[in-house]
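Quick note: residue numbers are just sequence positions, from 1. Note that this is a predicted model, so its numbers are computed, not measured.
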Amino acid sequence: MVNQVQRGDGSLRSCKSDSSGLSNSGGESSKESSRCSTPVLEADRSDRLRDKMRRRTESGDRWFSLEFFPPRTASGAVNLISRFDRMSAGGPLFIDITWHPAGDPGSDKETSSMMIASTAINYCGLESILHLTCCNQTKEKITGYLAKAKHLGLKNIMALRGDPVGADWEEEEEGFNYATDLVKHIRSEFEDYFDICVAGYPTGHPEAESYEEDLRHLKEKVDAGADFIITQLFFRADTFLKFLDDCRAIGITCPILPGIFPIQGYQSLRQLVKLSKLEIPEEITRVIEPIKDNDAAIRNYGVQQAVEMCRVLLDSGKVPGLHFYTLNREVAIMEVLRQLGLWIEDPRRSLPWAVSAHPKRKVEDVRPIFWASRPKSYIYRTQDWDEFPNGRWGNSSSPAFGELNDYYLFYLKSKSTKDALLQMWGAELMNEESVYEVFTCYITAQPNRNGHKVMCLPWNDEPLAPETNLLKDELEKVNKRGVLTINSQPNINGKPSADPIAGWGPAGGYVFQKAYLEFFTSSENVTALLEVLKKYEPRVNYHIVNVHGRNLTNAPDMQPNAVTWGIFPGREIVQPTVVDPDSFMYWKDEAFALWIEQWAKLYEDESPSRMIIKYIHDNYFLVNLVDNDFPLESCLWQVIDDMFKMLDAPPGREMLCMMTM
């Protein structure tokens, strides 16, 4: 049978109907095509790290950077990526990831140096430097690692000789024995693609014959093509300032960043000093020895000592930036940065969604709204695109979204443990209403019946965004009745781009939004909703789909609908967020799968709790609604309210109810 489905423009198109009465308007499209528009054939290297340093130095704008090391376990990788997301809020200029030869550092393992650095740049939007050492590596293997790093979007390398595996360095017959040779090789094989950092030693390398000889070796590394220097840790500001003056005196003119190590624990200090072969000054030993068993006291001292030393460095006028050795910790580092005034959380966003720092995505400024709370998933599913939307979403004849078969890729996993998820979502579900309660508790940030706050859902691993909080009261009402919301935004009509909640983009602009609501709900609710929506066309665009691909939409010609845009001085209108019908069919596969992959699998096979989640997965519909009349108060809540009125009306009075709405 063929139904006539009304478009938003009043015209009709034909759709094949199934037995449910809902039409199929491209249910196959989730396996076909997507769109992109602006080609990026070769990574754009115009915005280089060395140029960012130069601009910050010339403007007098001080900066900081952070070093991390790869974790040993998969759960450690998940925690580290979460730490990246938190620490990126303070605005580091870059981070760097160390190279551990014993940990298969160039592999695709989630704990490898290569994958951690790639994740930082691609999924966390952080400018990243990958360490690379000569230790136990042939020239061919090093070239392969560099090519892989380039393919993954990494643009910066810290070239190091590396520590020997045993007590003494063993010659690498088919490799390199000095960092200078590694720098030369990078420049020979990859020309000027990578920005190269090398290490400096403020008291001289422990294996050098003299301090002066070590300075000469440092200059050789810079002359070979290094762009900047990060130093080994030190304990006195005058140690670094003397080193800096000595470097300048022999003609080293590139940026030299002091490596800062805030003391965070007695044992970690002893271990690091042992590795670096440094002497702890007597004035520090005198303070920490009596408190060596008091971690909090040592950390407080370490923060104060680091702050005082950094202030001397910054006040010298010779040090524009500081590099911190974090030991993969954040509390002490963030406290030091706050006291120095370097930790600056800017509420403004360049775009309404989390950006990637991969060079080929530099032009990207349009995405579908569906992945708003799962940006890492979107980046993963579009990582193989050769083109990215710029200015507009584009046509429908471009590369498809990649499949998301592995929901447990470490950068997509929930930060919460299984036990924590069961506490939040229920160790035992009684019925569908138990699920409604979980959604409602997430919206309200109130404890569930077992006293645990629901801080995340499968579709959003973070608490509600400030913008969504504007809708909290309405969201609470509808979730209580089984309209299970996973994405929403209020209508905005010309708020300043500097607005702390809705703002984004350059200063001096104005931003706009259409009201948007996305939710799962039962087939009974959908039947009533379809009747109600007839009254709201063409003001409201809708798309309704179930897990099998049966769907109904009134999107005109299946065209994308811009739902966020901005107007800024001296620029064309920017429209970074769209509702795209084709993309929605890709998103629905992922959205439905999360019911099973992230929630149902918490429970035993065939358990009542698992069967409840599976029933919702199999029978509910995913709905998105757009109110195109953004200058007016959103009508979407009235649409839902009308749906409930129809459902609540006594049998036989549904038609009367519709006539009085």
Side-chain angles (χ1 to χ4, degrees), residues 49 52-69 79-97 116 120-121 123-129 156 228 230-231 233-234 237 240 255-265 268 295-296 298-351 354-355 357 415 462-463 465-466 498-501 503-504 506-507:
L49 180 53
K52 293 178 183 178
M53 286 186 189
R54 176 182 52 76
R55 290 195 296 269
R56 296 284 285 268
T57 301
E58 291 173 351
S59 68
D61 186 12
R62 294 167 173 172
W63 78 82
F64 71 92
S65 52
L66 305 166
E67 178 172 293
F68 300 91
F69 59 84
N79 292 335
L80 184 58
I81 299 310
S82 298
R83 185 165 288 117
F84 288 171
D85 288 336
R86 290 192 296 273
M87 298 195 78
S88 67
L93 184 63
F94 65 87
I95 68 168
D96 69 304
I97 307 298
I116 294 294
I121 190 169
Y123 299 99
C124 302
L126 288 166
E127 183 86 60
S128 303
I129 300 176
N156 312 293
F228 57 99
I230 295 176
T231 76
L233 64 95
F234 52 90
F240 174 81
I256 303 176
L257 309 185
I260 309 299
F261 172 68
I263 300 169
Q264 302 188 56
S268 62
D295 289 343
I298 285 189
R299 186 169 57 249
N300 290 338
Y301 168 74
V303 167
Q304 208 50 46
Q305 187 265 343
V307 168
E308 291 173 2
M309 184 174 72
C310 290
R311 281 184 175 146
V312 173
L313 294 173
L314 294 171
D315 290 346
S316 72
K318 301 176 181 180
V319 178
L322 304 169
H323 185 71
F324 287 87
Y325 297 106
T326 70
L327 298 184
N328 286 11
R329 302 176 187 172
E330 59 191 283
V331 175
I333 302 295
M334 289 166 67
E335 181 59 29
V336 170
L337 291 167
R338 286 192 173 102
Q339 290 194 32
L340 293 172
L342 295 178
W343 184 271
I344 302 172
E345 296 192 24
D346 188 349
R348 285 186 306 167
R349 305 160 291 171
S350 59
L351 289 164
V355 300
K415 297 186 291 289
E462 302 289 343
D499 184 90
I501 295 177
W504 55 273

Test item: Ile81 and Tyr123 side chains (from C-beta on) under 4.5 Å apart, heavy atoms: no
side-chain contact (heavy atoms from CB on, under 4.5 Å) evaluation trace for Ile95 with Thr326: CA-CA 10 Å; Ile95 68 168; Thr326 70; over 6 Å; no
Backbone N/O of Ala332 and side chain of Arg299: donor-acceptor pair under 3.5 Å: no
Where Phe234 and Pro258 come nearest, the two heavy atoms and their spacing: CZ-CB, 3.6 Å
Non-hydrogen side-chain atoms of Leu314 and Leu322 separated by less than 4.5 Å: yes
Side-chain heavy-atom pair Arg338, Glu345 within 4.5 angstrom cut-off: yes
Spacing of CD belonging to Glu330 relative to CZ belonging to Phe68, to within rounding of 0.5 Å: 8.0 Å
Distance, nearest 0.5 Å, that separates CD1 of Ile121 from CD1 of Ile116: 14.0 Å
Spacing of CD belonging to Glu335 relative to CD belonging to Gln304, to within rounding of 0.5 Å: 9.0 Å
Flag side-chain contact, heavy atom, 4.5 Å: Asp96 against Ser65: no
Main-chain N/O of Gly259 paired with Thr231 side-chain donor or acceptor, under 3.5 Å: yes
Interatomic distance, Trp63 atom CH2 to Met53 atom CE [nearest 0.5 angstrom]: 5.5 Å
Minimum side-chain heavy-atom gap Ile230-Glu67 below 4.5 Å: no
Flag side-chain contact, heavy atom, 4.5 Å: Phe69 against Leu80: no
Phe94 vs Lys52 side-chain heavy atoms within contact, under 4.5 Å: no
For Ile298 against Gln264, the heavy-atom pair lying closest together: CG2-C, 4.2 Å
Backbone of Arg56 reached by a side-chain donor or acceptor of Asp61 within 3.5 Å: no
Closest non-hydrogen atom pair, Ser128 against Asn156: O-ND2, 3.0 Å
Between Phe261 and Tyr325, ring centroids under 6.0 Å: no
CZ on Phe228 to CZ on Arg54, rounded to 0.5 Å: 14.0 Å
Side chain proximity check, Phe240 to Ile260, heavy atoms < 4.5 angstrom: no
Where Asp85 and Cys124 come nearest, the two heavy atoms and their spacing: OD1-SG, 3.5 Å
Gap between atom CG of Leu233 and atom NE2 of His323 - 0.5 Å precision: 11.0 Å
Chi angles and distances behind the side-chain contact (heavy atoms from CB on, under 4.5 Å) call for Phe324, Leu337: CA-CA 10 Å; Phe324 287 87; Leu337 291 167; 3.5 Å; yes
Nearest heavy-atom neighbours spanning Leu257 and Gly321: CD2-O, 4.3 Å
For the student: nearest non-hydrogen atoms of Leu351 and Val355, plus distance: CD1-CG1, 4.0 Å
